[in-house]
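This report refers to the structure that appears directly beneath it.
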Amino acid sequence: MKSVKLILLLLSLSGAAMSQPTGVAAPFTGVKWENELPVVRVNDQWYHLEKIDSIKVTSILDYAREHHASKWKKRFGEDLMELFAGMEYQPNDSVLLTVRRNGQSIQLTAALTYENRQQVNRYNYEQNSKDPAKVLISSSAALADLRDFEQILQTTSSYAAANQYDYQADIDQLRNNILNRAQVSQAFLLKELGTILGQIGDRHASLRSTYLPKKMWSLPFVTAPMGSDKVLALTPNGDQYRYWDEQFPIITAINGVPVGELMTRMDYEEVKAPKMARHHRFATRLYTLAGKLLTDEQEVTQQIKVTLSNLEGSQSIQKAVTLQRRPLKAWEDIGSTERQYSEHLSRQQYDQLFNRFPNNIGYVALPEMADADEYPGFYEAIQAKMKEFKDTKALIIDIRSNGGGSRDLLQLMAAYFLPPKQPGHLANIASVRVDTVLNTDIPPMEGRYLHTYLSTAFDENDRKVISRFMKSFQPNLVLENEQFSDYYFMILHGGQVNESYHYDKPVYILINERSFSASSIFAAALKGIDHIKLAGVTTDGSSGLSNLHLLKQSGLILRISRMVSFQPDGQPLDGHGTAPDIVLRRDENQLLGKTDSQLKNLLKLISHQ
């Protein structure tokens with residue numbers, strides 16, 4: 001890789017005086033793949049691509065695979081400039097493509113333009129746009145996928161083994177259903193297998209089609225969660241929202257189907273999610289889910305009926321609405337760190353993630369659980385700001401709508417929140433689904449700072465902490481010894497980061513129902529420490545060590561977890577989440593995007609203490 005970077009640097013310098021494109025661009029208008037190598041469209045002709053300027057295409061693909069895992073093909077086709085930037089190469093506004101066609105190698109000059117890249121997007125969409133309801137699979141092929149699905153649950157799925165759900169009975173019933181048909185649709189398999197998957201209770205589990213929906217129908221407004229069971233109809237109003245119907249803003253039914261029944265029909269994969277998390281996911285997607293339900297089950301009718309009620313639920317009306325082909329952008333919570341701060345993080349504008357509010361209250365927004373190497377200088381920026389925040393009255397760590405990532409940030413913050421030179425804090429317990437004895441450290445668990453009792457990562461003091469803890473630990477799931485590994489433990493320590501100190505003032509971790517995966521671990525791991533309180537609503541707890549599996553006959557992609565992760569109180573993360581110490585719900589102003597009421601109310605609470 002060093003030699004490649006040297007070549008790229010020389011190429012970049014040699015063209016420095018020429019015009020250089022920035023941002024999003026491509027030199028071709030379409031990409032398809034043969035034997036994992038790109039075939040590109042240039043001037044309406046298809047060519048096997050060998051080089052871009054003097055860079056071998058294999059070098060670009062190696063870089064894409066290394067840094068973008070399963071999305072490497074998408075990155076090559078749609079984000080080529082991003083790959084070049086990562087490889088430290090700045091191309092000119094036109095590049096020289098070495099291509100092969102009909103056995104002959106030729107060179108073409110191609111402009112790097114935004115329009116080309118848009119055509120790549122359009123080509124990808126067209127190629128992947130099929131209606132899963134019209135993708136038909138023979139019953140024998142469907143049964144083959146069902147057998148593979150069954151085997152994966154039997155041998156790999158941690159929650160299929162740990163929960164009491166009798167998935168085998170539902171698989172047998174589905175098998176009989178398929179046997180009575182000549183063929184089934186991909187949409188049928190998606191729903192039937194997805195329903196079984198949802199009952200297992202694995203929050204990382206999913207089943208997805210490789211196809212995009214050809215037709216997207218949606219309601220002419222967006223939908224948002226209100227409380228734990230109501231759904232609002234909203235219209236975007238600049239950066240804010242307003243009620244679609246000022247007097248009757250609550251949706252109670254669509255075409256006579258109550259909202260609760262729609263959730264049962266459409267959100268079957270989320271059935272074991274914590275209550276607030278399930279409602280949030282359903283409510284924010286209802287405006288497109290309703291269109292999907294109606295178009296899946298009947299011929300498209302432009303006019304449908306929506307039943308609405310007032311906020312008190314004492315009056316209701318029915319309105320005829322027209323489905324539209326282009327969905328609006330989904331409702332976004334003004335309190336979401338993902339919405340407010342993700343762009344600042346990606347642009348390395350780290351100062352925008354911190355604040356010192358009146359009454360000397362420090363604030364840190366974490367829109368994702370970025371690992372230590374993901375954003376250069378990010379961890380150093382946090383350490384510098386923690387140094388500044390040493391004199392603050394209290395500190396808020398905001399992880400609302402943080403979708404997860406790595407546990408590196410937890411280790412960093414624990415260095416400040418726990419006293420140094422004292423016994424560690426046992427924060428997480430986990431076990432892996434196995435078919436043989438496993439009682440040693442393995443890389444996937446080490447990457448999560450989880451180690452076995454006898455691991456060299458622990459000293460005798462750590463083992464004493466584990467021994468004391470295990471005397472009273474009561475897991476809420478029974479793990480059969482022959483199906484699961486020995487327990488793995490995560491222990492946090494204070495003072496293990498250069499220049500860290502013990503921040504012993506009050507710390508408030510702001511959470512919501514979209515705090516997921518590693519961010520839910522962050523909240524669960526720190527809950528119960530004397531000066532730390534969780535504020536907000538229960539997280540969408542999850543921690544799964546998931547793997548992808550291809551169901552070859554239907555082309556469906558299955559994600560399944562092989563780890564069960566427990567909180568110190570014995571509750572699994574998945575399906576339960578972590579409850580706040582201080583409940584802070586969104587009010588009307590926050591739902592309408594006018595003000596971040598959860599943060600505002602927390603600041604008020606801290607100021608009055």
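Below, each value reflects all heavy atoms present in this structure, side chains not excepted, and no hydrogens, waters or symmetry copies. Here the structure is a predicted model, which means the values were calculated and not measured.
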Which label fits [X] and [Y]: parallel for a plane angle under 30°, tilted from 30 to 60°, or perpendicular past 60°?
{"X": "F516", "Y": "H204", "result": "tilted"}
{"X": "H531", "Y": "H502", "result": "perpendicular"}
{"X": "Y363", "Y": "F357", "result": "perpendicular"}
{"X": "Y341", "Y": "H344", "result": "tilted"}

S209 and L556, any side-chain heavy atoms less than 4.5 Å apart: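 Yes. Closest side-chain heavy atoms under 4.5 Å.
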
Side chain to side chain, L193 and L558, heavy atoms closer than 4.5 Å: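 L193 does not reach L558 side chain to side chain.
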
Atom [atom1] in [X], atom [atom2] in [Y]: separation rounded to 0.5 Å?
{"X": "L153", "Y": "R433", "atom1": "CG", "atom2": "CZ", "answer": "9.0 Å"}
{"X": "R281", "Y": "L286", "atom1": "CZ", "atom2": "CG", "answer": "15.5 Å"}
{"X": "D587", "Y": "M226", "atom1": "CG", "atom2": "CE", "answer": "9.5 Å"}

Can you give the donor-acceptor pairs under 3.5 Å from side chains of residues 411-425 to other protein atoms, not counting sequence neighbours?
from	atom 1	to	atom 2	distance (Å)
H425	NE2	A525	O	2.8

Got a donor-acceptor contact below 3.5 angstrom from the [X] side chain to the [Y] backbone?
{"X": "D267", "Y": "M263", "result": "no"}
{"X": "R448", "Y": "P444", "result": "yes"}
{"X": "D170", "Y": "Y167", "result": "no"}
{"X": "S158", "Y": "M563", "result": "yes"}
{"X": "D574", "Y": "S543", "result": "yes"}
{"X": "S342", "Y": "R339", "result": "no"}
{"X": "K533", "Y": "P580", "result": "no"}
{"X": "R463", "Y": "S455", "result": "yes"}
{"X": "Q590", "Y": "Q598", "result": "yes"}
{"X": "S542", "Y": "S517", "result": "yes"}

Side-chain donor-acceptor pair present, [X], [Y], cut-off under 3.5 Å:
{"X": "H576", "Y": "Q571", "answer": "yes"}
{"X": "Y453", "Y": "D486", "answer": "no"}
{"X": "Y488", "Y": "N428", "answer": "no"}
{"X": "S401", "Y": "N512", "answer": "yes"}
{"X": "E343", "Y": "Q349", "answer": "no"}
{"X": "D371", "Y": "S406", "answer": "no"}
{"X": "Q352", "Y": "Q340", "answer": "no"}
{"X": "T284", "Y": "R514", "answer": "no"}
{"X": "T392", "Y": "N360", "answer": "no"}
{"X": "N402", "Y": "T337", "answer": "no"}

Nearest atoms (heavy-atom pairs only) where T539 meets T578: OG1-N, 2.9 Å

Ignoring hydrogens and angles, write down the donor-acceptor pairs under 3.5 Å from the side chains of residues 379-387, residues two or more places apart or on other chains.
from	atom 1	to	atom 2	distance (Å)
Y379	OH	A370	O	2.7
Y379	OH	L409	N	3.1
Q383	NE2	N498	O	3.4
K385	NZ	E388	OE1	3.3

Among R586, R585, K275, R278, salt bridge (charged side-chain N to carboxylate O under 4.0 Å, His left out) partner for E513: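 Only one option passes, and that is R586.
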
Intermediate values then yes/no, salt bridge (Lys or Arg N to Asp or Glu O under 4.0 Å), R400 and D333: CA-CA 10 Å; R400 288 175 296 169; D333 180 12; 5.2 Å; no

L492 vs L410, side-chain contact (heavy atoms from CB on, under 4.5 Å): CA-CA, chis, key distance, verdict: CA-CA 9 Å; L492 302 175; L410 173 59; 4.0 Å; yes

Option passing side-chain contact (heavy atoms from CB on, under 4.5 Å) with F221 (candidates L232, I251, L234):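 Single pass found, and it is I251.
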
